[in-house]
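Below is one structure, written out as structure tokens, with a few remarks after it.
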Amino acid sequence: RYHQRDNVDVAGLVLQEIHQHARDGEYVRVKIDQSNNNGVADNLKRATPARCIRLGIVEVSGSDGSDDPQYQARRAEVYGSLNDWLETGAIPPEDTLVEELTAVRTSYTNELKLKLESKRELVARLGRSPDHADALALSTWEDQPDTCIAGELEWDSGLIAARGRR
């Protein structure tokens, strides 16, 4: 849906969604897939919203190591959280989403850590990036506070103050 758009456009669309659904003063967490170092998070941090919203930006790189010893990399951890969520959650019968979720191949490392096939291999087989599956998986993943890369931004009348950035 947003694949052919530039970073500024995507950040603007994210802000539109936040403004449409968030109440003034509400804390909103946005998880950004940084696997392509796409700059959406940077554009969100520089934006000036029309009203007061507290925004937490979590930049996630699937190739980073996992904090959970059962996973080989962050991407496997994120998809593992989706697998756990699906035990009680439900997904819409959207063909694209179902195709992407069922296309992901898994294996185990010699240390018995769950490993997903590379995103490059998956894209080559699907003929596109699994954006729907990635977005759903990110929405179910809860990062630990000590692994959060970005801090919290408070926006009030155009003033942006960043806290907690490591």
Side-chain angles (χ1 to χ4, degrees), residues 1-22 28-47 55-150 153 166:
R1 180 170 152 182
Y2 302 121
H3 192 68
Q4 300 300 322
R5 296 183 182 251
D6 68 22
N7 300 334
V8 175
D9 286 345
V10 173
L13 292 168
V14 169
L15 285 175
Q16 284 178 4
E17 289 294 320
I18 291 169
H19 286 141
Q20 182 178 352
H21 299 286
V28 177
R29 288 183 73 217
V30 178
K31 298 171 190 171
I32 305 290
D33 179 354
Q34 291 295 100
S35 59
N36 294 322
N37 195 17
N38 61 18
V40 173
D42 289 336
N43 282 292
L44 283 172
K45 292 173 197 173
R46 290 180 180 91
L55 179 63
I57 299 171
V58 180
E59 299 172 55
V60 182
S61 176
S63 61
D64 285 350
S66 174
D67 293 325
D68 188 324
Q70 65 182 324
Y71 301 109
Q72 180 256 349
R74 178 78 68 216
R75 187 165 161 261
E77 181 183 340
V78 168
Y79 271 80
S81 71
L82 173 59
N83 186 59
D84 294 344
W85 179 82
L86 285 171
E87 290 179 14
T88 57
I91 60 171
E94 179 190 305
D95 291 341
T96 301
L97 177 60
V98 172
E99 179 185 20
E100 291 175 5
L101 290 172
T102 57
V104 179
R105 294 180 180 165
T106 62
S107 61
Y108 287 89
T109 67
N110 291 337
E111 296 83 25
L112 299 180
K113 294 183 178 195
L114 181 67
K115 176 182 178 180
L116 301 184
E117 73 178 305
S118 75
K119 191 152 182 187
R120 182 168 292 149
E121 293 169 341
L122 179 58
V123 168
R125 282 191 306 100
L126 277 176
R128 66 178 188 284
S129 179
D131 294 337
H132 294 94
D134 286 351
L136 179 61
L138 275 174
S139 74
T140 65
W141 177 70
E142 288 300 322
D143 63 306
Q144 301 302 314
D146 60 335
T147 64
C148 181
I149 297 170
L153 302 178
R166 292 191 335 179

Exercise for the section: Only pairs at least two apart or in different chains count here, so list each salt bridge (charged side-chain N to carboxylate O under 4.0 Å, His left out) that has a residue in residues 81-98. Expected result: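 Listed by first then second residue: nothing to list.
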Is there side-chain contact between [X] and [Y], with at least one heavy-atom pair below 4.5 Å?
| X | Y | answer |
| --- | --- | --- |
| P130 | V104 | no |
| V14 | E17 | no |
| R74 | D67 | yes |
| E142 | K31 | yes |

Could you grab the distance from atom [atom1] of [X] to atom [atom2] of [Y], nearest 0.5 Å is fine?
| X | Y | atom1 | atom2 | value |
| --- | --- | --- | --- | --- |
| N83 | L114 | CG | CG | 8.5 Å |
| D134 | L97 | CG | CG | 10.5 Å |
| D9 | D6 | CG | CG | 4.0 Å |

Problem - Residues in side chain to side chain contact (heavy atoms under 4.5 Å, CB included) contact with A135, at least two apart in sequence or another chain - result: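 Side chain to side chain contact (heavy atoms under 4.5 Å, CB included) list for A135, sorted by chain: empty.
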Handout entry: side chain to side chain contact (heavy atoms under 4.5 Å, CB included) against A76, all qualifying residues, sequence neighbours excluded
Key =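 Residues passing side chain to side chain contact (heavy atoms under 4.5 Å, CB included) with A76: Y71, L116.
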Handout entry: Salt-bridge present (R75, E117; N to O < 4.0 Å)
Key =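 Salt bridge flag = no for E117 with R75.
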Handout entry: side-chain hydrogen bond (donor to acceptor under 3.5 Å, both in side chains) partners for D68, two or more places apart
Key =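 With sequence neighbours excluded, D68 shows a side-chain hydrogen bond (donor to acceptor under 3.5 Å, both in side chains) to Q70, given in chain and number order.
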Practice task
List for me each residue that meets side-chain hydrogen bond (donor to acceptor under 3.5 Å, both in side chains) alongside T96, sequence neighbours excluded, and say none if there are none.
Solution key: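 Expected list: none.
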Over all heavy atoms of both residues, which pair between [X] and [Y] is shortest? Give the atoms and the distance, please.
| X | Y | answer |
| --- | --- | --- |
| W85 | A90 | CH2-O, 3.3 Å |
| L126 | A103 | CD2-CB, 3.9 Å |
| G62 | A73 | O-CB, 3.5 Å |
| A41 | I57 | CB-CG2, 3.8 Å |
| T140 | V78 | OG1-O, 4.2 Å |

Exercise for the section: Output yes when a side-chain donor or acceptor of N43 lies under 3.5 Å from a complementary backbone atom of G39, and no otherwise. Expected result: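 Answer holds: yes.
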Handout entry: Expected output: side-chain E100 to main-chain A133 donor-acceptor under 3.5 Å
Key =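 Between the backbone of A133 and the side chain of E100 there is a qualifying donor-acceptor contact (under 3.5 Å).
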Problem - Residue pairs involving residues 101-110 (criterion side chain to side chain donor-acceptor pair (under 3.5 Å); sequence neighbours excluded) - result: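 Of all non-adjacent pairs touching residues 101-110, those that pass side chain to side chain donor-acceptor pair (under 3.5 Å) are T109-E111.
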Practice task
Quick one: list whatever passes salt bridge (Lys or Arg N to Asp or Glu O under 4.0 Å) with E99, sequence neighbours left out.
Solution key: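 Only R128 meet the salt bridge (Lys or Arg N to Asp or Glu O under 4.0 Å) criterion with E99.
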Handout entry: Worked verdict on I91 versus L101 for side chain to side chain contact (heavy atoms under 4.5 Å, CB included)
Key = CA-CA 11 Å; I91 60 171; L101 290 172; 3.8 Å; yes
